[in-house]
Structures are given as C-alpha cells and as structure tokens.
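Encoded as structure tokens, the structure appears first; notes follow it.
In the text below, chain A, chain B and the rest are named by the order of the sequence lines, each starting its count at 1.
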2 protein chains.
Amino acid sequence: MTGDPEALEPHELATLFALTEAANLLQHQVEQHLRAEGDLSYVQFQLLARLASTDGPLTMTQLADGVVYSRSGLTYQAGLLEQRGLITRGPSPDDERATLVAATDEGRALVEAILPGHVQVARRMLFDPLSADDVRRLGDVMGRVRDHMRAQPPRSAAPRRRAARPAPER
Amino acid sequence: MTGDPEALEPHELATLFALTEAANLLQHQVEQHLRAEGDLSYVQFQLLARLASTDGPLTMTQLADGVVYSRSGLTYQAGLLEQRGLITRGPSPDDERATLVAATDEGRALVEAILPGHVQVARRMLFDPLSADDVRRLGDVMGRVRDHMRAQPPRSAAPRRRAARPAPER
DNA sequence: TATTGTTATACTCTATAACTATA
DNA sequence: TATAGTTATAGAGTATAACAATA
C-alpha cells in the first residue's frame, strides 16, 4: 500500500487540489449566471454553444462527445432544448439511424445574449489575477491537457459494455 | 449588445474552454474511480478528505465551505457519511448551536486507501503530458486563481437571502 | 434578531436496461 | 451482429422554505 512509485509529489497534489477547487468555484458561479440569465444549466449551455458555433448540424453522438456521458442523458437534455425552440431535431439523409441536431435562430440568439455575461464572470473569477503571460501559458498547458485527456479513454457517450461490478467489497 | 469593452480575447476564450473541458473530463474520471474504489461521490470524498487532513473537528459551516453550497445539502451528505461510520457528529461545547464533525479512524483509513488510486488517475489524465516546469507553474497560477476566487463572492454555504425571481421570462 | 443546523419536499439530472430501427 | 437513438424507471443529489434552538 505504501511506497508507490506512482505517488505524486506534494506540490503536484497541491496543483491538483488548486485546479479542482478553482474549477469548482468557477463552475458554480458560471452556473448561477447561466441559470439567472438564460435559464440554462451548464450542460445545456455547452450543448447549445457547440451547436451555435457549428455550420452544419451534428448527430446526437457528435453532440454528446465530451459533454454528456450517457445517451439517455443527451436525449433528455435535447428534449428540453427542443421544447423551448432552441434546437431542432430531424432524421439524417445519410444514415437513417442518426438524428441531426441544429441550433435555431432563437438558440443562437440566446447564446449571443448570454455570452457577454458569461465572459464577464470568467474575467472576474479567472483572468483578473493573472498576467497576460500567465493566461497565454495557461491556455497552452490546458490545451495540451485537454487533447491528452480526449485521446486517453473511451471518451464518447456509450460504453455499451463494461464490467461495472457492484462494488467488489475489496 | 456588441462592442463590449469587457469582451475576452479569442485566446482567452480558448483558454477558458480548454480549462473547463479538461476539468470536466478529469472530474468525470475521478468520479468513476471514487465510486468504484470507495463508493463515494466526489463531494463525499472532498468532505471526508478535508476532515481526515484536519486535527480537530470542524463545524458544519466550516466543513461546507467551498465544497457544498446549501446547508441542507451538507446535512444530507454528512448523514450518509455518518451512517457508514466514516464521520461522527456531536454537539459543540463552545457554541451549542453548532455541530462538530470529525473523521473516524475508518474514515481516515478509507481516504488513505483511495488516495493512491486517486493520484494515479490524476497522473494519467493531468500530469503525464506536462513537463515539471509546466506543473510548477500551473500550480502557482491555479493557486493564485483559487485564492482570488475564494476571496471574491460570498463563497460559503448560506445566502440566506437573495431575490431568486422565478425566471423573469425576459 | 441573527445564526447554526435539521427536516420536509419538490425538482433536476443521470444512468441502466429494454426496445426499435437501420447499417 | 453492431450502431444510433429513444423510452421507462429508479436513484442520487440539490435547493427552498419552514422550523427549532442557541447567541
């Protein structure tokens, strides 16, 4: 149990905790803002923003990628967004199994209306205490980290298999 | 609507998105691990780890700080941890309104049993693609950001007031 | 009166499994 | 047989408000 060769250095642990706590605090403030401003959850905003910044429509699977980790969860959220007229869903000509999703004009308008405030929260919480050089390097580092994480595990929604043994008690 | 003096530079937006996406991916993997290894949610792990790394007991309010954003949410989670014998709750001698919370030996043992795997996930997901210098600087930057965020808003659990108008329809 | 914590309750969200339909 | 998506359902988690007790 002790003496792991893989153990983190103390300053690595501090880095990990600082990163996660900061991310949590940021996310909480962002969620407050998104809910107040556009009555959107963070997940809904991510989905909508992704669609709004895309030219053509996306399939459900493409839309889920990296945001939602179960198919049914995406269907649920997409249903909510569709009910509000922010997105549309329709069959795909190419693959009749697929559903194509796109943002409506109203959906794009909502994203544009929310984005300035969103960005203001990020500025106040995240960027204010950083120098321009800090930001540049943070972006570089986190970009690499994100790409690495994306490549790592089966990141898309739908581990159709998986043991998932019910907590093997030891 | 347009021409905000507060708007973010494109590379700032990219930094924000990289940070949040990476944090989400990391958190998801961490949650998978914590659930499989110790049958704990991320919030429960944070609470337990905070208590385990503390000498004396904490009040509920102190324990909540930065982790949970509603009093009732903490009461709920503390109830679960207490049921499992991982923490104890008792009255405070100093302030009879307060509840003092402490980790049990079993609780500390669980944290220690989980931590190596936790750290391994972090290494695989976060630290692997980074140089030692990257990590050092990331820790510095995120430490500053965290401290800044902590100081910013009413971060503790219990905004007893707040308008919370029911989604003012426009 | 203000603060600490709990309880009741309603609601949102997520995940598993079963199911349909197409490739 | 494998993949895309939906549905049903159950469970976990959160937040609001009302409450009791102490400062």
Carboxylate-amine/guanidinium proximity below 4.0 Å for B:D133 and B:R136: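 Salt bridge present between B:D133 and B:R136.
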Carboxylate-amine/guanidinium contact A:E106 A:R84, below 4.0 Å: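 Salt bridge flag = no for A:R84 with A:E106.
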Are [X] and [Y] connected, step by step, through hydrophobic side chains (Ile, Leu, Val, Met, Phe, Trp, Tyr) whose heavy atoms are closer than 4.5 Å?
| X | Y | result |
| --- | --- | --- |
| B:L48 | B:L100 | no |
| A:L80 | A:F45 | no |
| B:L25 | B:Y42 | yes |
| B:F17 | A:M149 | yes |
| B:L13 | A:V67 | yes |

Base of C:dA15 paired with side chain of A:S72 (donor-acceptor, under 3.5 Å):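 When only heavy-atom distances are counted, A:S72 does reach the base of C:dA15 through a donor-acceptor pair under 3.5 Å.
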For [Y], does its backbone N or O pair with a side-chain atom of [X] as donor and acceptor, under 3.5 Å?
| X | Y | result |
| --- | --- | --- |
| B:H148 | A:R124 | yes |
| B:R50 | B:D65 | yes |
| A:T104 | A:G85 | yes |

Minimum heavy-atom distance between A:G143 and B:A18, given as atom pair plus value: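 Shortest heavy-atom separation between A:G143 and B:A18 comes out as N-CB, 3.9 Å.
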Choose from [options] the nucleotide whose nearest atom is closest to any side-chain atom of [X].
| X | options | answer |
| --- | --- | --- |
| B:T99 | C:dG5, C:dA2, C:dT22 | C:dG5 |
| B:R97 | C:dG5, D:dG5, D:dT22 | D:dT22 |
| A:S70 | C:dA2, C:dT14, D:dT6 | C:dT14 |

Toward the 5' end of DNA chain C, by each residue's nearest nucleotide, A:D95 or A:G73: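 The answer here is A:G73.
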DNA chain C: 5'-proximal contact among A:R35 and A:P93 (nearest heavy atom):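 Per heavy-atom nearest nucleotide, the more 5' residue is A:R35.
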Phosphate-side-chain proximity, A:S41 and C:dC13, N/O vs OP1/OP2 below 4.0 Å: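 Checking C:dC13 against A:S41, a side-chain N or O does come within under 4.0 Å of OP1 or OP2.
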side-chain N/O B:R71 vs C:dT6 OP1/OP2, d < 4.0 Å: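 Answer is no, no contact under 4.0 Å.
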Can you check the [X] [atom1] to [N] [atom2] distance for me, whole Å?
| X | N | atom1 | atom2 | value |
| --- | --- | --- | --- | --- |
| A:D39 | D:dA15 | CG | C1' | 15 Å |
| B:D94 | D:dT22 | CG | C1' | 13 Å |
| B:E31 | C:dC13 | CD | P | 16 Å |
| B:Y69 | D:dT14 | OH | P | 11 Å |
| B:E96 | D:dT22 | CD | C1' | 8 Å |
| B:L40 | D:dG13 | CG | P | 10 Å |
| B:D65 | C:dT3 | CG | P | 16 Å |
| A:L63 | D:dA4 | CG | P | 14 Å |

Short side-chain donor-acceptor distance under 3.5 Å, B:D95 and B:S92: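 Looking only at side-chain atoms, B:D95 and B:S92 do not form any donor-acceptor pair under 3.5 Å.
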Residues touching DNA chain C, which here means a heavy atom under 4.0 Å, drawn from residues 42-58 of chain A: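 Residues of residues 42-58 of chain A that come under 4.0 Å of DNA chain C are, in numerical order, A:V43, A:Q44.
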Close approaches to DNA chain D from residues 84-92 of chain B, in residue order (heavy atom, under 4.0 Å):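 Under 4.0 Å from DNA chain D: no residue of residues 84-92 of chain B.
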Of residues 74-82 of chain B, the positions that come close to DNA chain D - non-hydrogen atoms, cut-off under 4.0 Å: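 Those residues are B:Y76, B:Q77, B:L80.
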